[in-house]
Amino acid sequence: MSLRLYNTLTRRVEPFVPLEPPRVTLYTCGPTVYNYAHIGNFRTFLFEDLLRRHLEAQGFDVLHIMNLTDVDDRTIKAAAAAGVPLAQHTEPFVRAFFEDRDYLRIRPAHVYPRATECIAPMVELVSRLLERGLAYRGEDGVYFAIGKFPTYGCLSRVERRELQTGARVASDEYAKEDARDFALWKFADPTDEQAGAAWDAPFGRGRPGWHLECSAMALQEIRRFGVQTLDIHAGAVDLIFPHHENEIAQSEGVTGQPFARFWLHGEFLQIQGTKMSKRTGNFLTARDLKEEGVDPAAFRMLVFSTHYRQQLNYTDEALEAAAEGVRRLGEFRDRLVEAAGAAEAARGADAGGDGLPPLPILPPLPPVEELRRSFTAAMEDDLNAPQALGAVFTFVRAMNRELDGGSLAPVQRGAALAVFDRVMAVLDVLPAVAEMDAEFRAWVETHLREREAARKARDFARADALRTELLARGVELEDGPGGTRWRKRRGMEGGGL
RNA sequence: GGCGCCGUAGCCAAGUGGUAAGGCAGAGGUCUGCAAAACCUCUAUUCGGCGGUUCGAAUCCGCCCGGCGCCUCCA
């Protein structure tokens, strides 16, 4: 069994084999930095994060490229309206994007090419297309002539596209030879100049069209390997047409090679059953979640609970359910660590490390072997994360049962922890550690000692009062045979007494 | 009008020809001073509806009902 992925190009699930194993070149369409990215954007980025992590867990050597669109109609308009240079407007949103990415535990791409820093390769691409007769100069820009590119439409399968009757045939398209042609380069207008969004080019001063940057940057980044074909190009479904279709035309028009071998598209996230819309206020940003104290692991869990090719309806109830699952996993791991000996297994240790499981003195536990097998099988089946999660929870219940029985040998517990951590390295859905200062910690310890004394004296009223007081500050207790364990609930302030 | 997706328990959600994973919520129980956590048991004779194909269908086909997306710069 090996990885199989749904390829939009063929509309089939196919075995994934990179061009030159173990290297995988992965290009994912990044954000347009005109505003804060919303949770729909992040659903897509999370799906890509899962893909990346799974590939790496399988031993692939991934080069992950994600572009930043820092020049387009919206960024220019906003910069011009604010009377500031383009870069000054976009920079805060770039920083915000990286912060949100880190908050959601999305692994950074290896490179983040920015459109404004890749003008030269874009100009080069347009020149080549003009030379080949695939592009032409119009009145307001350079256009790609799709009529000259016979395979146009192969990705979206809308060959000989019929324009919707009476719609979208805007009056400003007079400059095109064919209404379906798309802009490669837009000649500079006063607004562009004002925002500093204009560059000289042999075919006329202007700025790149949206689709151009992805082709130029992707080809530029993989040139180091001497190839002109990406292994995987991913994005959300709305990009299939026209964005990715146009990228194919631009790139293959120049290279004559397939632009990408696998095209992966994630479905939309919806809120309250409908598409997010800024107009109706029906949208959320990652920062909104952060401000509400949402554990990033809960959001990841929510996202991975639905297959990436299914629409996901975001609701508060679903997020709470996901948060409960996350809590359960964290609880389980804490138990396992305690049982396995806390020293070498502190939270956050590199879960992908090797050397485990150690000497098989005892036969491997069936649940451990089962998780190893079923998790991988689920993920290899077109990243079936919901099914993989099912395998994880089945493992958790079985292992909790073993832990309750108390008859596990240390080596078995270590093996269980190793496998569990390996799985978590892919999903990364363990609860965030609640932040608290030393003062708070001391306050908790004092109360715990006091409660312990009260319990010894069988003054349960006093003990329960202390427990209530602790709970009010988000501290939950668990009395066990080995003493009282406590845990800080996330999202409740844990300092400044 | 064209292309496409979806409808599985109170909620979320896998499963796409062989007799319904998993999570959340709920009920009862074990453990506990009481809790909490964990575990055990229970909770869809049934997969939007109606037909058809088949030894066998949630899974394939047809029709209908309901929801959603894309169709030029929106992840």
Side-chain angles (χ1 to χ4, degrees), chain A residues 11 28-32 37-45 47-48 69 72-74 156-158 160-170 173 176 179-183 209-211 234-243 245-246 265-270 273-278 301-302 305-307 309-313 315 317-329 331-332 334-335 374 378 381 384-394 396-397 399-405 455 458-461 463-464 467-468 471 476-481 484-487:
Chain A
R11 307 286 156 106
T28 60
C29 286
T32 300
H38 54 62
I39 59 174
N41 297 307
F42 280 108
R43 185 207 179 178
T44 300
F45 301 147
F47 135 61
E48 292 158 354
T69 302
D72 82 318
D73 291 350
R74 291 168 297 178
S156 55
R157 305 210 171 172
V158 277
R160 303 252 39 101
R161 166 169 295 272
E162 299 290 330
L163 285 173
Q164 185 179 8
T165 313
R168 305 277 194 165
V169 187
E173 286 176 349
K176 302 184 194 177
R180 299 169 303 166
D181 290 346
F182 60 90
W210 177 39
H211 317 296
V237 285
D238 58 328
L239 298 183
I240 296 172
F241 187 88
H243 188 52
E245 197 71 75
N246 292 349
H265 293 96
E267 254 297 348
F268 272 135
L269 174 149
Q270 303 187 346
T274 52
K275 186 181 176 177
M276 281 200 286
S277 151
K278 300 221 164 160
M301 175 73 88
L302 176 65
S305 293
T306 299
H307 187 91
R309 286 194 286 116
Q310 296 294 331
Q311 289 174 6
L312 165 64
N313 187 17
T315 61
E317 302 77 61
L319 185 64
E320 277 165 31
E324 269 309 298
V326 163
R327 183 202 56 73
R328 185 166 152 81
L329 295 180
E331 201 79 38
F332 167 71
D334 287 346
R335 263 191 103 182
S374 58
D381 182 17
N384 193 335
Q387 193 161 73
L389 277 168
V392 171
F393 281 105
T394 298
V396 167
R397 179 151 37 77
M399 287 309 298
N400 268 325
R401 193 159 41 216
E402 298 286 349
L403 288 166
D404 279 353
R455 290 182 75 209
R458 302 197 70 75
D459 180 0
F460 295 122
D464 290 351
R467 183 168 61 194
T468 305
L471 187 60
E476 292 169 343
L477 305 185
E478 272 176 50
D479 298 325
T484 299
R485 289 177 46 204
W486 67 279
R487 146 174 43 83

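Predicted model, so just to flag it, every value in this text is computed and none were measured. Note on naming: letters A, B, ... go to the chains in the order of the sequence lines (proteins, then strands), and numbering restarts at 1 for each one.
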Trainee: Calculate the interatomic distance between A:Gln310 atom CD and B:rC5 atom P; express it in whole Å.
Mentor: 10 Å

Trainee: Report yes if the side chains of A:Phe332 and A:Leu403 come closer than 4.5 Å at any heavy-atom pair, otherwise no.
Mentor: yes

Trainee: Could you go through nucleotides 67-69 of chain B and list every protein N or O atom that sits under 3.5 Å from one of its N or O atoms, giving the distance for each pair?
Mentor:
{"from": "B:rC68", "atom 1": "O2'", "to": "A:Gln270", "atom 2": "NE2", "distance (Å)": "2.6"}
{"from": "B:rC68", "atom 1": "O2'", "to": "A:Gln311", "atom 2": "OE1", "distance (Å)": "2.9"}
{"from": "B:rC68", "atom 1": "O2'", "to": "A:Gln311", "atom 2": "NE2", "distance (Å)": "3.3"}

Trainee: Could you list the residues that satisfy salt bridge (charged side-chain N to carboxylate O under 4.0 Å, His left out) with A:Glu478, not counting sequence neighbours?
Mentor: A:Arg485, A:Arg487

Trainee: Taking 4.0 Å as the cut-off, does a side-chain nitrogen or oxygen of A:Asn246 come that near to OP1 or OP2 on B:rC73?
Mentor: no

Trainee: Answer whether the closest heavy-atom distance between the side chains of A:Met301 and A:Leu389 falls below 4.5 Å.
Mentor: yes

Trainee: Expressed in angstrom and rounded to an integer, what is the separation of A:Asp381 atom CG from B:rA14 atom C1'?
Mentor: 11 Å

Trainee: For A:Asp464, is there an ion pair with A:Arg467 - N to carboxylate O distance below 4.0 angstrom?
Mentor: yes

Trainee: With heavy-atom distances below 4.5 Å as the criterion, would you say the side chains of A:Arg335 and A:Asp404 are in contact?
Mentor: yes

Trainee: Strictly below 4.0 Å: does A:Arg157 bring a side-chain N or O up to OP1 or OP2 of B:rC70?
Mentor: no

Trainee: So which one's nearest nucleotide on RNA chain B is more toward 5', A:Phe182 or A:Cys29?
Mentor: A:Phe182

Trainee: Write down the distance separating the C1' atoms in B:rU19 and B:rA58, rounded off to the nearest Å.
Mentor: 11 Å

Trainee: Going by salt bridge (charged side-chain N to carboxylate O under 4.0 Å, His left out), name the residues that satisfy it together with A:Asp238, two or more places apart in sequence or in a different chain.
Mentor: none

Trainee: Does A:Arg458, at its CZ atom, have more than 12 non-hydrogen atoms belonging to other residues, nucleotides or ligands within less than 6.0 Å?
Mentor: no

Trainee: Contact class for A:Met301 vs. all strands (heavy atom < 4.0 Å): base, sugar-phosphate, or nothing?
Mentor: nothing

Trainee: With rounding to the closest Å, how many angstrom separate the C1' atoms on B:rG18 and B:rU59?
Mentor: 11 Å

Trainee: What one-letter contact string describes nucleotides 26-41 of chain B from 5' to 3', where B marks a base within less than 4.0 Å of any protein heavy atom, S marks contact via sugar-phosphate atoms alone, and - marks no contact?
Mentor: -------BBBBSSSS-

Trainee: Rounding to a whole Å, what distance do you find between A:Asp238:CG and B:rC5:C1'?
Mentor: 14 Å

Trainee: Roughly, in whole Å, what's the span from CG in A:Asp73 to C1' in B:rU72?
Mentor: 12 Å

Trainee: Can you tell whether the side chains of A:Glu324 and A:Arg328 come within less than 4.0 Å, N to carboxylate O?
Mentor: no

Trainee: Mind checking if A:His38 touches a base, just sugar-phosphate, or nothing, with heavy atoms under 4.0 Å?
Mentor: base

Trainee: Taking only the C1' atom of each, what is the distance from B:rU30 to B:rA37 in whole angstrom?
Mentor: 13 Å

Trainee: Expressed in angstrom and rounded to an integer, what is the separation of A:Arg74 atom CZ from B:rC74 atom C1'?
Mentor: 7 Å

Trainee: Taking only residues two or more places apart in sequence or in another chain, which ones pass ring-ring contact (aromatic ring centres under 6.0 Å, His included) with A:His307?
Mentor: none

Trainee: Can you check the distance between B:rA36 and B:rG22, where both ends of the measurement are the P atom (answer in whole Å)?
Mentor: 24 Å

Trainee: Distance check needed: B:rU72 P versus A:Leu239 CG, whole Å only.
Mentor: 14 Å

Trainee: Grab the CZ-C1' distance between A:Phe241 and B:rC5 for me, whole Å please.
Mentor: 19 Å

Trainee: Is the shortest side-chain heavy-atom distance between A:Phe393 and A:Leu329 below 4.5 Å?
Mentor: yes

Trainee: Taking only the P atom of each, what is the distance from B:rG7 to B:rC12 in whole angstrom?
Mentor: 12 Å

Trainee: Heavy atoms only, 4.0 Å cut-off, all strands: where does A:Leu269 land among base, sugar-phosphate and nothing?
Mentor: base

Trainee: Take atom C1' in B:rC5 and the same atom in B:rC42, then report the distance between them in whole Å.
Mentor: 36 Å

Trainee: Which string of ( ) [ ] | and . matches RNA chain B, if you list each base 5' to 3' and count Watson-Crick or G-U pairs only when both distances are under 3.5 Å?
Mentor: ((((((((.[[[..)..(...]]].(((((.......))))).....[[[[[..)....]]]]])))))))....

Trainee: Parallel, tilted or perpendicular: which describes the rings of A:His243 and A:His211, with under 30° parallel and over 60° perpendicular?
Mentor: tilted

Trainee: Write down the distance separating the C1' atoms in B:rA9 and B:rU45, rounded off to the nearest Å.
Mentor: 13 Å

Trainee: Quick one: are A:Asn41 and A:Pro31 in side-chain contact, heavy atoms under 4.5 Å?
Mentor: no

Trainee: Give me the distance, rounded to whole Å, that separates B:rG48 from B:rC6 when you measure between the P atoms they each carry.
Mentor: 12 Å

Trainee: Roughly how many Å is it from CD in A:Glu317 to C1' in B:rA25, rounded to a whole number?
Mentor: 11 Å

Trainee: Do A:Gln311 and A:Glu267 make a side-chain contact, defined as non-hydrogen atoms from C-beta onward lying under 4.5 Å apart?
Mentor: yes

